[in-house]
Structure formats: C-alpha cells, structure tokens
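Accompanying notes for the structure given below.
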Amino acid sequence: MRNWREKNQHLLIEVPEPFDFKVNLDYLQREPNECMYEIEADMITCVIEINHVRTLIRISAVDNEYIDIECLNGTMPKLLADKEAIVDYICDWFDLDTDLVPFYEMGCQDPLLKHPIESFYGLRNIGLNNLFEALCWGILGQQINLKYAYRLKRQFVEKFGDSLDYNDKKYWIFPSFDKISALTIDDLADIKMTTKKSEYIIDVAKLMKSGLLTKEKLLNFEDFKQAEQELTRIRGIGPWTANYVLMRCLRYPTAFPIDDVGLINAIKLLLGLERKPTKEEIRALSSNWTNWESYATFYLWRMLY
DNA sequence: AGCCAGGAGATTT
DNA sequence: AAATCTCATGGC
C-alpha cells in the first residue's frame, strides 16, 4: 500500500512519480454530462461504498505531492481498515501503483505515443472500480456516440441508482446488480438503449447476483486471455467490451480493444491518414507496446476526447 | 441530410 | 469461415 497518513480528518496519500493531478482532473472533467461525480474548483466529489457504508468524499491535491481525501458530513470512518479501504479505492481509481517510467521510455520513441505522452504527461489510466458499472458502461456504449452514451448512463443511474444529498446537490451511486437483476426489459423501456442492450445488462446483473461473475474471479486468471474468454462467453460482451472492462476495471496491462473506433480514429489523426488504418496496420504499429497496450490505448483516446 | 458512433449477435453466403 | 444484416437512436 502507498504511504498515507491522516491529518485533521483528511487522508493524505503520497502520489507516485510521474503523476500530474491536474492532467488527471482534466480527463475526469472532459465530459460535462458525467453523472458519477462532480468536479468544482479542482476538487472531485463523489460517493464511494466502503464495506457497504456510503461515504461522500472530496478529492483534491496538495502541491501535486499528496492526494487529499476529505470525508464530508463527518463520515470519516473510525476503523483503520476502513480508512485503508478508502486509500485502496483511490489508488485503484487513479492507478497509482503502476510504474509509468517504462511506459514513457518505450513511448517516447514510438511514433504514435510520443505526442500523447508529451501532451498528457502524468496521466493515469483512470479506472472504473465497480465491475458492474464497467460492464454496463461497456455494453451501453456499444456502437453509439459518446455524448449519447453519457446521456443513457445518466438516465439509467438517475432512474435506478440511489443518491446522497449534500449542499443541494445529488451525488449518485451506480445501480446495484442486485436491483437491476430483478428488472424486466419493460422497466428499461424509457431509457432509449436497444432492447438487446437491456437484455444484456439484466443478464449480466443476474450473473453477478448469482456470484458466478466477480472481480476476484476475473483477477485470478494467470493469463488475461482466459479472463477475456470468461467475459466474451457472456451474451452481449464481445472482444471490444471484454478488453474495455479488462483495461478499465481489472487493469490487465495487455488488454487492448483493437477494434475500437476511437483508437482507429486517433491513429488516423496522429498519422494524418486519409483513410482509417486497417487492423493489420494497427497490429504492426502497436507491436512494441507489449504489456502497455492498455495504457497506449488510454493515451490515444485522450487525443480525441 | 446523411454518415457515423469507444459493437455484437444473428443470418446468409 | 467470412461477409452481410440488424439493432436503433442521436450527434454533428
């Protein structure tokens, strides 16, 4: 676990090097319709669940040396284990335990990664800690533009999620698989995702409720290919969604959504191509990214959005 | 107005 | 196996 300490009801986590809080904050606030957290005055406010207790936290940075976590409403847990759980959550979310130096050493000589690395130096692969949320977000976002995907997510969250109120604002908690598993397609009808997507999301919720699909299980595979296979066996989860979730939630460094249009368009942009690169061309261009495919994808996406 | 969107499953060839 | 169709709505 990273070094951290408590001071005046705040938790202070030492950040790794390289890390740039502002760059990560810019990533988090790139979408105005994001509904899972609020960002104001360089502070992130959101709800996290620690041992089934909902805690409203505010995250900021102290001179880019510490990440500062304040528990609002006097919700700082008493137990050391719960404080550590908050620290763990933040380390996971901001991917603080990955040593980025080898990525930058590789990437600074890579024709595709050179520019993104210079532009977003200190950016981490910001995660989606909640597996159900990551799966829903992946399924819901298939084959639609991102703006619309964020609208669908907001509708889904505001209809089926809970929220905490603080200073006249609502802070949302992503709907639980427990709740969604009990729904029918009709319940999801006024959220305008396709009927198929509604089916897939309810089925995934049922699978998670059954206990057959857990983060622990997906993390315990030797090889990410096995985890990928475990996911793609599920209806509605193809290679793109599987790799997206393995990258953003399970954090397999070799996860690589190679068919992603964002990745394709970022490469097209960076190389100034008239047409989209083929899959074979992308394979060739990414051949030196071994064990950093996930980070490379994240940085290339950032060039577009 | 018309193509495209951070795809996947089903169907046809 | 590989190509094609369908889902379906909105962004630009």
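Lettering of chains follows the sequences in order, A, B, ..., and the numbering in each one begins at 1. These numbers come from the heavy atoms of this one structure, side chains and all, not from hydrogens, waters or symmetry mates.
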Expressed as a whole number of Å, how far does the C1' atom of C/dA8 sit from that of B/dG2?
16 Å
Any donor and acceptor pair, going by atom type alone, linking the side chain of A/E281 with main-chain N or O of A/T278 inside 3.5 Å?
yes
For A/F103 and A/Y295, take the angle between the two ring planes, folded into 0 to 90°, and tell me which bin it lands in: parallel under 30, tilted 30 to 60, perpendicular over 60.
tilted
Does A/K268 make a side-chain N or O approach to OP1 or OP2 of B/dC4 shorter than 4.0 Å?
no
From the candidates B/dA5, C/dG11, C/dT9, the one with an atom nearest any side-chain atom of A/R151 is C/dG11
Closest to the A/K147 side chain, choosing from C/dC12, B/dA8, B/dA5
C/dC12
Protein-nucleotide distance (A/N145, atom CG; C/dG11, atom C1'), rounded to Å
5 Å
Do the side-chain N or O atoms of A/T194 get closer than 4.0 angstrom to the phosphate oxygens (OP1, OP2) of C/dT9?
no
Using the P atom on both, measure B/dC3 against C/dC5 and round to a whole Å.
15 Å
Tell me what A/R30 touches on the nucleic acid: a base, only sugar-phosphate, or nothing, going by heavy atoms under 4.0 Å.
base
Just wondering, do A/K170 and A/E158 contact through their side chains at under 4.5 Å, heavy atoms?
no
Whole-Å distance, A/K197 NZ to B/dA5 P, equals 14 Å
Between B/dG7 atom P and A/M193 atom CE, what is the distance in whole Å?
16 Å
Select base, sugar-phosphate, or nothing to describe what A/Q143 touches, counting heavy atoms under 4.0 Å on all strands.
base
Does B/dA5 have its OP1 or OP2 closer than 4.0 Å to a side-chain nitrogen or oxygen of A/N265?
yes
Measure the distance from CG on A/D260 to P on B/dA5 and round it to the nearest whole Å.
10 Å
Parallel, tilted or perpendicular for A/Y305 and A/Y150, by the 30°/60° rule?
tilted
What is the distance, to the nearest angstrom, from the NZ atom on A/K279 to the P atom on C/dA2?
11 Å
Rounded to the nearest angstrom, tell me the gap between atom CG in A/N243 and atom C1' in B/dA8.
14 Å
Is the closest basic N to carboxylate O distance between A/D68 and A/R58 below 4.0 Å?
no
Can you list the residues that meet the side-chain hydrogen bond (donor to acceptor under 3.5 Å, both in side chains) rule with A/T184, with sequence neighbours excluded?
A/D187
Whether A/D165 and A/K169 form a salt bridge (side-chain N of Lys/Arg under 4.0 Å from carboxylate O of Asp/Glu) is what I want to check.
no
Which value, rounded to the nearest 0.5 Å, describes the distance between A/L218 atom CG and A/Q226 atom CD?
11.5 Å
In this structure, how many angstroms lie between the P atom of C/dT9 and the CG atom of A/D190, rounded?
13 Å
Measure all distances between protein nitrogen or oxygen atoms and nitrogen or oxygen atoms of nucleotides 9-11 of chain B, and list the pairs falling under 3.5 Å.
from, atom 1, to, atom 2, distance (Å)
B/dG9, OP1, A/G236, N, 2.7
B/dA10, OP1, A/R235, NH1, 3.0

Choosing from B/dA8, C/dG10, C/dT9, which nucleotide comes nearest the side chain of A/T241?
B/dA8
Atom-to-atom span, NZ of A/K192 to C1' of C/dC7 - whole angstrom:
16 Å
